[in-house]
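If you're wondering where the values come from, they're calculated on a predicted model, not measured in any experiment. Proteins get letters first, then strands, A, B, ... in listed order; numbering begins at 1 in each. In what follows, every heavy atom counts, from backbone to side chain, and hydrogens, waters and symmetry copies are set aside.
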2 protein chains.
Amino acid sequence: MRISELSERSGVSVASIKYYLREGLLHRGERTSPNQARYDESHLHRLRLIGALTDVGGMSVAATRELLAMIDGERRPELQDLMGSTLKRIDAQGGHRPDVEEADLAEADALTRRHGWYVHAGSPLREELARVITAFHRSGFELDRDWLDGYAEAAEQAARRDHDLVSDTDDLDEILKIVVVGTVLGERLLATLRRLAQASEAQRRHGDRRIEPRS
Amino acid sequence: MRISELSERSGVSVASIKYYLREGLLHRGERTSPNQARYDESHLHRLRLIGALTDVGGMSVAATRELLAMIDGERRPELQDLMGSTLKRIDAQGGHRPDVEEADLAEADALTRRHGWYVHAGSPLREELARVITAFHRSGFELDRDWLDGYAEAAEQAARRDHDLVSDTDDLDEILKIVVVGTVLGERLLATLRRLAQASEAQRRHGDRRIEPRS
DNA sequence: TCATTCGGATAGTTACTCTATCCACTATGG
DNA sequence: CCATAGTGGATAGAGTAACTATCCGAATGA
């Protein structure tokens, strides 16, 4: 098919497709002449994946390109690197990092140790966890230990589910894709479910009571 | 204190503080003369909160303003509205919404029904859940029912923890603040913990095995 | 044939988040 | 009391991200 049909079928504008081609998120079509190319189903799938990662996953185009490059096997990472790399969609362009306090790093380490998690000392995830803890503190919250542990258990449960899914297959390409997409989309899924559960829990505990305007 | 001291103590540049003032995220200082104002601790706290929400929470300035307005009690929302509104940080400016497929809405409803969650038919969360499910499908995944339920249980566990925290107090202002900050920062916390748990689980299941380059 | 469409390059647009400059005025050290 | 550095506020500019529009010459298709 040609670019206009690809555009129609994917719902992505021709201009945007060209943009993704330029940016290297989408592989070029097969050239049939110096200025004519043919696209196929693989391009359609790729566009859908790009849409899922950017729209729902909230990833930047740059971060999406990196992730897709990993899926394509151009740079085969360790699982840890891969998860660290997806952090970049929050960092935006990874420029600034609010300083992490030493005490919060210690709190982060204590948490992971309580749960018996293996965390490399230089892991970006370790820093990120400390940063989130710092953010809580600077917002005026002291973190309850039980609350943190509850969250960690919830995270563990989700992670176990992810790996159960992976265990079904031996195809490395498929595993990688599941991990990548599962990390990004699974995060949105978990966040949305948490909000639903919160709203439902509020209903359950407080019935129809609303938060009233202040007197 | 004057603006330069506020800047030093908060680590936010004077220009940025002025920007937040302009944008209505930060309340004006007490004017002591036509062109002189005094700032206090409340401004410092607010700046820290802004930093937590934007840097760690990844929220836009516009979305942050809305959330802060709710905390300030200018518009007292229901819990559901409030959670829905935080979705906006993904929407960016709420412009485009990828169409949700009917079947995915049904799948979303089935999921919430299985868990006995109360979800209003017009809830933005219901649509968002369907959208995430659509994103999975369009990325080439069929969602395993057990996997989804596992995620839902994890979300429920996290939500219960949040409400345990809220139950400690009767101060509506405090509850609102906990819900808002807890929703945004808690999401980052849960996401980070999930990645840590994933990495750790990978280690546990596969030992030192790496993903090797393709032969 | 001849208007339409194509791929590709380049330039322009919009939105967001700051940052820099300007101004009239104020506080302060000497 | 004066020089100078700092202040609040307004306005304009800068940098980035993610498109979007325009242009071109070649190629397709009725």
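- Between B:Y20 and C:dT17 there is no side-chain N or O to OP1 or OP2 distance below 4.0 Å.
- Residue B:S13 places none of its side-chain N or O atoms closer than 4.0 Å to OP1 or OP2 of C:dC18.
- At whole-Å resolution of the value, CG in B:L21 and P in C:dT19 are 15 Å apart.
- Side-chain contact between A:L189 and B:L148 is present, with heavy atoms from C-beta onward closer than 4.5 Å.
- Residue A:T54 is classed as having no contact, given no heavy-atom separation below 4.0 Å to the nucleic acid.
- The closest side-chain heavy-atom distance from B:V12 to B:Y20 is below 4.5 Å.
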- Note on the structure: Heavy-atom contacts, protein to nucleotides 23-30 of chain D, under 4.0 Å, summarised as B (base), S (sugar-phosphate only) or - (none) per nt, yield --BBSSS-
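- Residue B:E30 contributes atom CD, which lies 13 Å from atom P of D:dG9 at whole-angstrom precision.
- Rounding to whole angstrom units, CD1 of residue B:I3 and C1' of C:dT26 are separated by 15 Å.
- Between A:E5 and A:R2 there is no salt bridge, since none of the side-chain N atoms of the basic residue sits less than 4.0 Å from a carboxylate O of the acidic one.
- Here the C1' atom of nucleotide C:dC6 and the CD atom of A:E5 are 14 Å apart, to the nearest Å.
- Between B:E23 atom CD and C:dA15 atom C1' there is a gap of 12 Å when expressed in whole angstrom units.
- Note: CZ (A:R22) to P (D:dA17) measures 15 Å, nearest angstrom.
- In terms of phosphate contacts, B:S16 brings a side-chain nitrogen or oxygen within less than 4.0 Å of OP1 or OP2 of C:dT19.
- One can place CD of A:E8 at 14 Å from C1' of C:dC6, the figure rounded to the nearest angstrom.
- Using modelled atom types, no side-chain atom of A:T54 and backbone atom of A:M59 make a donor-acceptor pair closer than 3.5 Å.
- Ion pairing between B:D72 and B:R46 holds under the 4.0 Å rule for side-chain N and carboxylate O.
- Here A:A37 lies in heavy-atom contact (under 4.0 Å) with sugar-phosphate atoms only.
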Can you list, pair by pair, the side-chain donor-acceptor contacts under 3.5 Å of residues 29-38 of chain A, counting residues two or more places apart and other chains?
| from | atom 1 | to | atom 2 | distance (Å) |
| --- | --- | --- | --- | --- |
| A:T32 | OG1 | A:Q36 | O | 3.4 |
| A:S33 | OG | A:Q36 | N | 3.4 |

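- No hydrogens or angles were tested; on distance alone, nothing pairs the side chain of B:R28 with the base of D:dT7 as donor and acceptor under 3.5 Å.
- Per the geometry, CD1 belonging to B:I17 stands 17 Å off P belonging to C:dT17, to the nearest Å.
- No side-chain heavy atom of B:E8 sits under 4.5 Å from any side-chain heavy atom of B:M1.
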